[in-house]
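Lettering follows sequence order; numbering is per chain, from 1.
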Amino acid sequence: MMLNGAEDEEKWLAEGIAGIQHNAFYMHRALDSNNLREALKYSAQMLSELRTSKLSPHKYYELYMRAFDELRMLEMFFKDESKHGVSVVDLYELVQHAGNILPRLYLLCTVGSVYIKSKEAPVKELLKDLVEMCRGVQHPIRGLFLRSYLAQISRDKLTDIGSDHEGDVDTVMDAVEFVLQNFSEMNKLWVRMQNQEPGRAREKRKKERSELQDLVGKNLHVLGQIERVDLDMYKETVLPRVLEQVVNCKDDLGQYYLMDCIIQVFPDEYHLQTLEALLGACPQLQPTVDIKTVLSRLMDRLSKYAASSTDVLHEFLQVEAFTKLSNTIEKVIEVQVDMPAVGAITLYVSLLMFTLRVHPDRLDYADQVLGACVKKLSNMPKLEDSLATKQVVALLRAPLEKYNDIVTALTLSNYPRVMDHLDNGTNKVMAMVIIESIMKNNTCISTADKVEVLFELIKGLIKDLDGAVDELDEEDFKDEQNSVAKLIHMLYNDEPEEMGKIICIVWKHTMAGGPKRLPFTVPSLVFSALRLVRRLQGQEGDIVGEVVPATPKKIFQLLSQIIEALSAVPSPELALRLYLHCAEAANDCDLEHVAYEFFTQTFVLYEEEIANSKAQLTAIHLIIGALQRMTVFGVENRDTLTHKATGYSARLLKKPDQCRAVYTCSHLFWVDDEDGIRDGERVLLCLKRALRIANAAQQMANVARGSSGPITLFVEILNKYLYFFEKGNQQITAAAIQDLIELINTEMQGDSANPGSDPDVFLASTLRYIQFQKQKGGIMGGKFESIEL
Amino acid sequence: MLVPGKIQHIICTGNLCIKEVQDYLKTLCPDLHITRGEYDEETRYPETKTLTIGQFKLGLCHGHQVIPWGDLDSLAMLQRQLDVDILVTGHTHQFTAYKHEGGVVINPGSATGAYSSITYDVNPSFVLMDIDGLRVVVYVYELIDGEVKVDKIDFKKTTTTTHSAH
């Protein structure tokens, strides 16, 4: 059926064009022979082709253009009175004898064009005559094209009037009146097209109508181009008349197009000054009109206009643009009860963008917009529409992107309230966006209040929200928590008291985060807190703070609690490391009991929770390393702890591990510092013990595997002997070293190991070192002299 | 300089902590060598690593395993054990570079300026090494009070490993 229709249309168009060409041919002949009568006859016949009802607008346009081109020739002929000998006045009369109305009117317009240019009659009368006579054609398509022709031929004249600043203002009014009337009539015809055929042809009609929209809109363009249509004339005459048409036609397609046209055609300055009237029309439009797009485009244009100069900005305030826009939006939402959530929110987004661009310093405006959105969201069930959710996210992102500074966004009181209306998933996404913004801009959040607000915003990340049974992907969860961990480092204030408050707030929220989150967040908190402790170290006495005085002791208490919570997750290895850090920090603060307590906790964890042998090895080394650096302990405490350390070292599972841990313990008894421990005997004891373990390991290897054991252990121990020998430990003699070297050589020979193996290489480099030291001369050389290689 | 393609190797002492950082370093240079720090979540990084670049043998270790932490003589022992010309370790978050009998011990410091119980006021730093024949030039970049300070140290290796210019 459709296919036939299309084919038929092609046929009719072809026929129409053929008809035009046929008659045009004879018309040209008549023009060449200056035969007016014939010219009129054939042109009328030609124009009859335009009387067809069979063509769609698209095809009709093609036909029209053919005729249009031919009429230009005719017009030139009319203009040259010498050719046909008839005055234009008479010509105007003559063409009205054409039989059918449509050809008659086209001819009339064509003569009218010449008449206007000749200036022989007052333009006003002529234009009025023409625009009214065109009423004779009420068929929408034919009428639209006819009036379009009228607009076309009058264009030059209107431009002249428009730019003639010497001329009478009445003349301008006449011109404006003409255009307005033509516009009104065209709009009526255009709207009528929609009502013609109900039912399934509706969509087709709509499409056809949109093809014709520019014909109607052209009139507005003409009005826009008449220079002498100033603001007053626009305000008093043009806009009211146009808006009247727009509202009264009650046609959604037309209303949308024309509102947009008004906005695009006329200068922004005018819009600003007529804002009330323009916006006043919005709630009166059909509910199906996409008003949000119209308003968005208006606000977009106005934003750009505002950016053009500071004087302009002043105007915005003067006309209370924001208030007017805000009120209109409220009204539209109120009136259009069926508007879906996404529509309303999009309006708020546009308004917010406008506000941020035009009044960036007016945070109260921005907050107002958010507040209005909150109100709307409160009256709706929780958002499930993903488009609406996207718009809410866009709303929340806008201030972040504009200010590049989360701190400003944090002052918007309605910001967290908007976030509350997001579903949990989106809430978290938004929280991540906020954190990203902070990280990207290197923003520092420096007061406790702001931190509190920030944590309120990101609460979806730092704790389990109500009703949230999150089947969260492990990777995603990790990313989230790592982001929070990074964020903690951005919360900082130089001033210790404020920093202390910040630490407390972070601590509070971290503790409430639940076991899954602690392994990620606690380390950041601990190190941030220890930094503060460092700063407080130098300060004497307690700081007088109201709620929480920031003292190292207090901070250590908090840390102790939270690290304990961490260990219970279970995360004993991480907890152990953090305890040790705290111990060292306590040491630097001269807090012996606190440091001792931390070491106690460390050992408890080691004993009870760390079972994996590799983990134990690392842990014991960390313990020894930290303990070695402790200066705050009295003899008893120190002894207890070193005893523990050496004890555990000797009880590691694998013999080589034992050996290494034990010889490392030797350093517990020798500190390079002048006031430090230098207990040569106990050092030697450790090294000898290590040697015994190495021997045992050797024997075990022989028995169990029939191969030699880890000879490298002996070389390591040798190096330790050398270390303490150099440092001046009297208990370590050159002879002992000599013996050790020989022992190693023996073991090496007895071993089927290849030269160039690790112990071999190590021994070689060690012996080189000894040689090097011997050659140094002086005291060092003297020491090494007796060692023979 | 941190444009991908300019660096041929990255040597990292450890404590990147999370995979994200490893991935970032990989974008700077695919030849990435990492040893395990006590906070690395990736447990498969080795405790020590050796590699050869040009005429130099390099050794890499985080350094928490070498006690006393930061002690040059103990580090020298590790250097002998690994039998390397250049030993790179970390843990102290303090840049140091020592010429030592026949070798060099470098600590690039902390790239992020992270907290350390060993060093107060950590300044973020990193090191670039330019290895050319028997010579290595070490450039250290430190961020001190908001300004980047650069320093340069030259090392030349003699063909025998016993003695070096002191």
Side-chain angles (χ1 to χ4, degrees), chain A residues 478-479 482 485 489 519-520 523 526-528 530-531 534 537 573-574 577 580-585 587-588 614 617-619 621-622 624-626 628-629 660 664-668 670-672 712 715-716 719-720 722-723 726-727 758-759 761-766 768-769 771-773 775-776, chain B residues 14-15 17-21 36-41 43-44 47-48 50 57 59 62-85 87 91-93 100-103 110 112-122 160-164 166:
Chain A
K478 244 184 175 178
D479 285 340
N482 281 330
H489 288 293
F520 296 94
V526 169
F527 289 119
S528 191
L530 289 180
R531 273 211 164 96
R534 270 258 168 83
Q537 250 174 258
E573 292 178 53
L574 184 55
R577 284 149 176 71
L580 286 174
H581 263 106
C582 289
E584 289 192 74
N587 178 78
D588 295 341
K614 190 154 183 260
L617 178 62
T618 311
H621 275 279
L622 292 172
I624 298 169
Q628 195 263 346
R629 293 168 46 79
R660 290 187 174 110
T664 305
C665 282
S666 64
H667 289 283
L668 290 173
W670 191 280
V671 175
D672 240 354
T712 191
V715 187
E716 290 173 38
N719 273 272
K720 284 300 170 192
L722 289 170
Y723 177 95
E726 278 187 28
K727 296 287 181 196
D758 288 342
V761 161
F762 192 7
L763 179 63
S765 59
T766 310
R768 272 203 306 276
Y769 174 69
Q771 185 66 21
F772 185 76
Q773 295 296 74
Q775 284 169 355
K776 257 188 180 160
Chain B
N15 275 349
C17 300
I18 56 177
K19 186 164 180 294
E20 193 184 307
V21 183
R36 183 157 177 249
E38 78 272 34
Y39 287 100
D40 280 312
E41 69 178 8
T43 52
R44 291 172 300 177
E47 299 286 322
T48 63
T50 55
K57 279 181 71 178
H62 178 250
H64 67 270
Q65 306 92 329
V66 180
I67 291 156
W69 292 333
D71 182 84
L72 179 59
D73 295 313
S74 295
L75 289 170
M77 168 177 155
L78 179 61
Q79 186 167 25
R80 291 192 287 273
Q81 185 167 9
L82 299 175
D83 191 36
V84 292
D85 304 305
L87 177 67
H91 189 57
T92 64
H93 296 194
H100 201 69
E101 33 90 20
S110 162
T112 56
Y115 174 90
S116 163
S117 50
I118 300 165
T119 308
Y120 282 39
D121 295 325
V122 177
T160 56
T161 47
T162 355
H163 305 284
S164 77
H166 223 286

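- Note on Ile624(A), Leu722(A), Asp588(A): by heavy-atom pairs under 4.5 Å with chain B, the leading option is Asp588(A).
- At a 4.5 Å heavy-atom cutoff, Leu78(B) makes no contact with chain A through either its backbone or its side chain.
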Legend entry - Test ring-ring contact (aromatic ring centres under 6.0 Å, His included) applied to Phe527(A) and His489(A), step by step: CA-CA 9 Å; Phe527(A) 289 119; His489(A) 288 293; 7.8 Å; no

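- Interface residue Gln81(B): backbone and side-chain heavy atoms are both found under 4.5 Å from chain A.
- Ranked by heavy-atom pairs under 4.5 Å with chain B, the first of His581(A), Arg577(A), Glu573(A), Arg531(A) is Arg577(A).
- Among Lys478(A), Arg660(A), His667(A), the residue making the largest number of heavy-atom pairs under 4.5 Å with chain B is His667(A).
- In this structure, Ser74(B) contributes its side chain and Gly70(B) its backbone to no donor-acceptor pair below 3.5 Å.
- Nearest approach of His93(B) to Ser116(B), heavy atoms of both residues: ND1-CB, 3.5 Å.
- With sequence neighbours excluded, the residues that form a side-chain hydrogen bond (donor to acceptor under 3.5 Å, both in side chains) with Thr766(A) are Asn719(A).
- Heavy-atom pairs under 4.5 Å with chain B peak, among Thr664(A), Leu622(A), Leu668(A), at Leu622(A).
- Using a 4.5 Å cut-off between heavy atoms, Leu617(A) does not touch chain B at all.
- Under the 4.5 Å side-chain criterion, counting only non-hydrogen atoms from C-beta, Asp71(B) is not in contact with Val66(B).
- Note: His621(A) leads Gln773(A), Glu726(A), His621(A) in heavy-atom pairs under 4.5 Å with chain B.
- For a residue to count as touching a neighbouring chain, one of its non-hydrogen atoms must lie under 4.5 Å from one of that chain's; by this rule Glu716(A) touches chain B with backbone and side chain alike.
- Checked by atom type and distance alone, the side chain of Lys57(B) never pairs as donor or acceptor with a backbone atom of Thr50(B) at under 3.5 Å.
- The part of Asp672(A) that comes within reach of chain B is its side chain, from C-beta onward, which places non-hydrogen atoms under 4.5 angstrom from that chain.
- More than 12 heavy atoms of other residues, nucleotides or ligands sit less than 6.0 Å from atom NZ of Lys727(A).
- Using a distance-only test at 3.5 Å, with no hydrogens or angles considered, no donor-acceptor pair links the side chain of Gln79(B) to the main chain of Gly103(B).
- When each of Gln65(B), Glu20(B), Glu47(B), Arg36(B) is scored by its heavy-atom pairs under 4.5 Å with chain A, the top score falls to Glu20(B).
- For chain B, the nearby parts of Ala626(A) are the backbone and the side chain; heavy atoms of each come within less than 4.5 Å.
- At a 4.5 Å heavy-atom cutoff, the contact between Tyr723(A) and chain B is made by side-chain atoms alone.
- For Arg629(A), the salt bridge (Lys or Arg N to Asp or Glu O under 4.0 Å) partners two or more places apart in sequence, or in a different chain, are Glu584(A).
- Contact of Ala114(B) with chain A is made through the backbone alone, with heavy-atom distances under 4.5 Å.
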